[in-house]
Amino acid sequence: VATYTAVVGALCKEGKIQEVSDLISKMEKEGVVLDVVFYSSWICGYLREGMLTEAFQKHRVMTENGIKPDCVSYTILIDGFCKEGNVEKAVGFLQEMKEDGLNPNLVTYTAIMRGFCKIGKVEEAFEVFRKIEELGFRADEVTYATLIDGLCRKGNLDCVFQLLEEMEDKGINAGFVTYNTVINGLCKVGKTSQADEISKGIVADNFSYSTLIHGYIVERNIVGMLETKRRLEEAGVCVD
RNA sequence: GGAGUUGA
């Protein structure tokens, strides 16, 4: 099954989810039994394509076949529904997994948080964030970056800088994804120069530079554009 | 062998 699961993962990444059915018939002929990890990988593929109904249907088929969902399979479902902005359903799954006696973990809650951010409910996202800490999980960089991104999209930059400080206090390293999130947030509100300053204090990647250049283009700041172009060439970063 | 964060 492990081998087949790896194949499913690869097929799904290439958008060839249709071919999974053939794979399953082959497995059945060989007497290979599907397990929860196999289904998760398959469901994940449907969610990537935004096919929520199909994903949920496979989840149901799985349970009907007596295969118990686990924490990861629920989290995959929750994340998929959150990404589409269907947080109500995601929260429903969260409830369901608790009823099944499963404990949501940091990844699960981060996915929920992201769902609230996605639909612009930053207050609710913050509540989830507090709950994470209440439950004794240590919020990691991904959790912070997710919340920071949500705040950036709301234009609440004060809060963003507060969280960055909090990360530092807790010894959580803010990597380039986190900084790029902040850089993007600043560029979006027309503060590209401030974003630029931040980028000078970190190891910027092609995301950072292209975000800055885009910000300068929007601001029609030709000097900024050229200067950023010079910096990225100097840094030897390839932009795609 | 499966899950969470950033740009155009």
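We name chains A, B, ... by the order of the sequence lines, and we start the count at 1 in each one. None of these values were measured; they are calculated from a predicted model.
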**Message:** Over all strands shown, is A:Lys83 touching base, sugar-phosphate only, or nothing at heavy-atom distances under 4.0 angstrom?
**Reply:** sugar-phosphate
**Asked** Taking NZ from A:Lys229 and P from B:A8, how many angstroms apart are they, rounded to a whole number?
**Response** 21 Å
**Pair of N/O donor and acceptor under 3.5 Å linking B:G7 base with A:Ser210 side chain** = yes
**Fill in**
From CH2 of A:Trp42 across to C1' of B:G1 the rounded distance in Å is 16 Å
**Between C1' of B:A3 and OH of A:Tyr74, the distance in whole Å** = 15 Å
**Item:** Non-hydrogen side-chain atoms of A:Cys117 and A:Arg153 separated by less than 4.5 Å
**Value:** no
**Atom pair distance, as rounded to whole Å: CD1 in A:Ile183 and P in B:U5** = 19 Å
**Request:** Kindly give the heavy-atom pair with the smallest separation between A:Cys71 and A:Leu102, and that separation in Å.
**Result:** N-CD1, 4.1 Å
**Complete:** Among the nucleotides B:G1, B:U6, B:A3, whichever has the atom closest to the side chain of A:Val107 is B:A3
**Complete:** Considering only heavy side-chain atoms of A:Ile76, the closest of B:G2, B:G7, B:G4 is B:G2
**Prompt:** For A:Phe207 and B:U6, is the gap between ring centres under 5.5 Å while the planes differ by less than 30°?
**Reply:** yes
**Asked** Nearest to the side chain of A:Asp240 - B:U6, B:G7, B:A3?
**Response** B:G7
**Request:** Kindly point out which of B:G2, B:A8, B:U5 is positioned nearest to the side chain of A:Asp149?
**Result:** B:U5
**Prompt:** Counting N and O atoms only, with roles assigned by atom type, does the side chain of A:Glu19 sit under 3.5 Å from a partner on the main chain of A:Leu11, one being a donor and the other an acceptor?
**Reply:** no
**Message:** Using a distance-only criterion (donor-acceptor N/O pair, under 3.5 Å, no hydrogens), is the base of B:G2 paired with the side chain of A:Ser41?
**Reply:** no
**Message:** Rounding to an integer number of Å, can you tell me how far A:Leu157 CG sits from B:U6 P?
**Reply:** 17 Å
**Request:** Whole angstrom is fine here: how far is it from NE2 in A:His214 over to C1' in B:U6?
**Result:** 14 Å
**Trace of the side-chain contact (heavy atoms from CB on, under 4.5 Å) decision for A:Val87 with A:Lys118** = CA-CA 9 Å; A:Val87 188; A:Lys118 164 107 190 164; over 6 Å; no
**Message:** Can you tell me which nucleotide in B:U6, B:G1, B:G2 comes closest to the side chain of A:Ala2?
**Reply:** B:G1
**Message:** Under 4.0 Å, heavy atoms only, any strand: does A:Thr146 hit a base, just the sugar-phosphate, or nothing?
**Reply:** sugar-phosphate
**Message:** Please pick, from B:G1, B:G2, B:G7, the nucleotide with the shortest atom-to-atom distance to any side-chain atom of A:Asn184.
**Reply:** B:G7
**Asked** Contact class for A:Phe38 vs. all strands (heavy atom < 4.0 Å): base, sugar-phosphate, or nothing?
**Response** base
**Asked** Any side-chain heavy atom of A:Phe176 sitting closer than 4.5 Å to one from A:Phe207?
**Response** no
**Request:** Report yes or no: is there a donor-acceptor pair, N or O only, under 3.5 Å between the side chain of A:Thr143 and the base of B:G4?
**Result:** yes
**Request:** Please work out if A:Thr110 contacts a base, only the sugar-phosphate, or nothing of the nucleic acid, heavy-atom cut-off 4.0 Å.
**Result:** base
**Request:** In whole angstrom, give the distance that lies between atom CD1 of A:Ile67 and atom P of B:G1.
**Result:** 20 Å
**Asked** Under 4.0 angstrom, heavy atoms only, what part of the nucleic acid is A:Ser73 near: base, sugar-phosphate, or nothing?
**Response** base
**Item:** From B:G2, B:U6, B:A8, nucleotide with atom closest to A:Asn180 side chain
**Value:** B:U6
**Asked** Closest to the A:Arg153 side chain: B:G1, B:G7, B:A3?
**Response** B:G7
**Closest listed nucleotide, where the reference is the side chain of A:Asp35 and the choices are B:G1, B:U5, B:G2** = B:G1
**Item:** Which nucleotide in B:G4, B:U5, B:G1 has an atom nearest any side-chain atom of A:Thr5
**Value:** B:G1
**Request:** Evaluate ring-ring contact (aromatic ring centres under 6.0 Å, His included) for A:Phe129 paired with A:Tyr109, printing each intermediate quantity in order.
**Result:** CA-CA 8 Å; A:Phe129 184 74; A:Tyr109 284 114; over 10 Å; no
**Request:** Would you mind classifying the nucleic acid contact of A:Leu106 as base, sugar-phosphate or nothing, using non-hydrogen atoms under 4.0 angstrom?
**Result:** base
**Prompt:** Do the rings of A:Phe93 and A:His59 sit parallel, tilted or perpendicular, given the 30° and 60° boundaries?
**Reply:** perpendicular
**Asked** So, is A:Arg114 close to the B:G4 phosphate, meaning a side-chain N or O under 4.0 Å from OP1 or OP2?
**Response** no
**Message:** I'd like to know if A:Asp140 reaches the base of B:G4 with its side chain such that a donor and an acceptor end up less than 3.5 angstrom apart.
**Reply:** yes
**Asked** A:Phe81 has an atom CZ; how far is it from atom P of B:G4, in whole Å?
**Response** 16 Å
